[in-house]
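Positions are given from 1, in the same order as the sequence printed here. As the structure lists them, so they are numbered: ligands from 1, and atoms in each ligand from 1.
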Amino acid sequence: MENILDVIIIGGGPAGLSAGLYAARAKMTTLILEKEKAGGQIVSTAEVANYPGSMENATGPILIDRMLEQCKEFGATFEKDTITEIDVNGPIKVLKGEKATYQAKSIIIASGANPRPIGAPGERELIGKGVSYCATCDGDFFTDLEVFVIGGGDSAVEEAIFLTKFARKVTIVHRRDELRAAKSIQEKAFKNPKINFIWDSTVEEIKGDGIVESVVFRNLKTNEITEYMADEEDGTFGIFVFVGYIPATNIFKGIINMDETGYIITDDNMKTNVPGVFAAGDCRVKSLRQVITAAADGAIAAIQAEKYIENELA
Ligand code: NAP
């Protein structure tokens, strides 16, 4: 078989790029496959304040550009393709993509996770027309308008703070009366005069004819329904959804062991149930999903892939 690589990494976020860096530096022939542009979720983050050593105004894209550069400096290659099928039973793993078929002795799955929709009527139809999952990408469209941020975790509260740079008023809508976000992030939000809260509430429906015009909330304690209509002069407002993530692991179902929510099960060495297949980053079962833990996973997976090739394939 021609062109059998040492390792193929599926996904070009912090986990995949760290794996790429470590694998290429260990002189393994390394290909990183990414369906879009490199970066994963972190490219939609305006500030990465908790990655050790990150500079004061380090944005997600800046951090990712540097990671990608490092991978390339050590000889990893990067291709854009979407993997649709995998055959990982034998010693040579075969990955079918939309553009080509790839072969490698080992695989690192670093496919990450995608934003979870709320699932309210009107949400899907109004994506890009007022409904967004990325404040960095779309915040600017809401300059001097109102926005609602749905969710109470780190993402929701951090992105709500970011959106105050653009929006006239930001309202966080949370289904409980206490935020899940880290206390330090909460404190910043509580101090920000542009941020308001609607507690114990969920989105029942989003309405609009080609653009968001109103949103219906249900108070989960009183069952009260409230419809918020766009200010007449504005005509619209934004709804930013940050209610968690869904692992991007569909194509591995039935092949790689997962938990009931689709996160890949690994051991401490990032090994999955299939020899030669490793998983790293947000797509795997773990207690902390951060850039630093994704990067650590990637490094471990790459070194373990190297050991697997040396010891088990020799
Ligand atoms: P998350 O921690 O899972 O929080 C999701 C939030 O959405 C929770 O507040 C949850 O409510 C709410 N929610 C879930 N389903 C909902 C629904 N159907 N309707 C309404 N609300 C719903 O997700 P995340 O904030 O995206 O964070 C994901 C991971 O990345 C976390 O581990 C987080 O720590 C990490 N992260 C870290 C940073 C940072 O350190 N700076 C920044 C961003 C993300 P409940 O609270 O009631 O469950």
Side-chain angles (χ1 to χ4, degrees), residues 13-15 39-64 110 112-124 131-137 139 148-163 170-190 195 197-206 215-221 225-226 239-248 259 261-263 280-297:
Q41 290 165 48
I42 196 69
V43 287
S44 53
T45 302
E47 191 193 358
V48 184
N50 55 2
Y51 190 70
S54 62
M55 306 302 274
E56 210 174 285
N57 47 11
T59 62
I62 289 174
L63 195 62
I64 284 298
N114 297 314
R116 178 195 300 283
I118 328 166
E123 178 184 9
R124 188 143 36 123
V131 174
S132 171
Y133 304 85
C134 176
T136 320
C137 323
F148 291 90
V149 170
I150 318 302
D154 287 339
S155 302
V157 182
E158 273 197 343
E159 300 306 317
I161 295 167
F162 173 73
L163 284 165
V170 176
T171 304
I172 295 178
V173 182
H174 184 36
R175 63 182 178 184
R176 294 185 291 131
D177 60 5
E178 197 185 353
L179 297 171
R180 176 184 290 277
K183 289 281 179 281
S184 57
I185 302 174
Q186 290 192 28
E187 273 169 23
K188 271 194 188 171
F190 288 136
I195 298 183
F197 295 87
I198 296 179
W199 301 108
D200 302 311
S201 299
T202 51
V203 173
E204 194 77 357
E205 191 176 352
I206 302 170
V215 57
V216 181
F217 299 119
R218 175 185 294 276
N219 183 304
L220 298 175
K221 283 194 176 151
I225 297 283
T226 314
I239 300 179
F240 285 81
V241 178
F242 299 104
V243 296
Y245 290 85
I246 300 172
D259 72 3
T261 51
Y263 287 100
D282 282 7
C283 66
R284 76 177 190 97
V285 175
K286 61 196 296 189
S287 62
L288 184 63
R289 294 194 172 86
Q290 300 271 296
V291 182
I292 188 167
T293 59
D297 284 4

Note: ligand 1 atoms sitting under 4.0 Å from heavy atoms of H174 are 9 (O), 11 (O), 45 (P), 46 (O), 47 (O)
Closest to atom 23 (O) of ligand 1 by heavy-atom distance, out of G244, G153, S287, is G244
Check your understanding: Tell me, do P14 and D282 make a side-chain contact under 4.5 Å, heavy atoms counted?
Key -> no
ask   = So do the side chains of Y263 and C283 get within less than 4.5 Å of each other, counting heavy atoms only?
value = no
Distance col, row W199:CH2 vs R176:CZ, nearest 0.5 angstrom, shows 9.5 Å
When every non-hydrogen atom of F197 is compared with those of A189, the smallest separation belongs to CZ-CB, 4.3 Å
The protein heavy atom nearest to atom 36 (N) of ligand 1 is Q290 NE2, 3.5 Å
Between R284 and the options D297, D259, T293, the side-chain hydrogen bond (donor to acceptor under 3.5 Å, both in side chains) test singles out D297
Margin query: Tell me if a side-chain donor or acceptor on Q186 pairs with a main-chain N or O of A181 at a distance below 3.5 Å.
Written below: yes
query = Backbone or side chain, does any N or O of G151 fall under 3.5 Å from an N or O of ligand 1?
reply = no
In ligand 1, the atoms that come under 4.0 Å of a heavy atom of S155 are 24 (P), 25 (O), 26 (O), 27 (O), 43 (C), 44 (C)
Discussion item. Taking the side chain as everything from C-beta on, heavy atoms only, tell me whether F190 gets closer than 4.5 Å to L179.
Written reply: yes
closest protein heavy atom to atom 14 (C) of ligand 1 is V243 O, 3.4 Å
Within the 4.0 Å heavy-atom cut-off, what L288 brings close to ligand 1 is neither
Quick note on ligand 1: atoms under 4.0 Å from a heavy atom of Y245 include exactly 26 (O)
To atom 34 (O) of ligand 1, the nearest of V48, D154, T293 on a heavy-atom basis is D154
Does any N or O atom in I150 lie less than 3.5 angstrom from one in ligand 1, N or O only? no
Would you call I198 and F148 a side-chain contact if the rule is heavy atoms closer than 4.5 Å?
yes
Closest heavy-atom pair, V149 versus V170, reported as atoms and distance to 0.1 Å, is CG2-CG1, 3.9 Å
Test your reading of the structure: does R180 have an N or O sitting under 3.5 Å from an N or O of ligand 1? yes
Original post:
Do ligand 1 and N50 have nitrogen or oxygen atoms that lie under 3.5 Å from each other?
Top reply: yes
Any heavy atom of F242 under 4.0 Å from ligand 1? The part involved is backbone
- Would you check whether E178 reaches within less than 4.0 Å of ligand 1, judged by its heavy atoms? no
Here the gap from I206 atom CD1 to E123 atom CD, rounded to the nearest 0.5 Å, amounts to 5.5 Å
Closest to atom 41 (N) of ligand 1 among protein heavy atoms sits E158 OE2, 2.8 Å
Of all protein heavy atoms, the one nearest atom 19 (N) of ligand 1 is I118 CG2, 4.0 Å
* Could you tell me whether K286 atom NZ has more than 12 heavy atoms of other residues or ligands within 6.0 Å of it? => yes
The protein heavy atom nearest to atom 9 (O) of ligand 1 is G152 N, 3.1 Å
protein heavy-atom neighbour closest to atom 30 (O) of ligand 1 works out as R289 O, 3.4 Å
Checklist entry - Does R116 reach ligand 1 with a nitrogen or oxygen that is under 3.5 Å from one of the ligand's nitrogen or oxygen atoms? => result no
Quick note on ligand 1: atoms under 4.0 Å from a heavy atom of R176 include exactly 45 (P), 46 (O), 47 (O)
the protein heavy atom lying closest to atom 16 (C) of ligand 1 turns out to be R175 NH1, 3.4 Å
Taken to the nearest 0.5 Å, the spacing of E159 CD from D154 CG works out to 10.5 Å
Sub-4.5 Å side-chain heavy-atom contact between N50 and I292: no
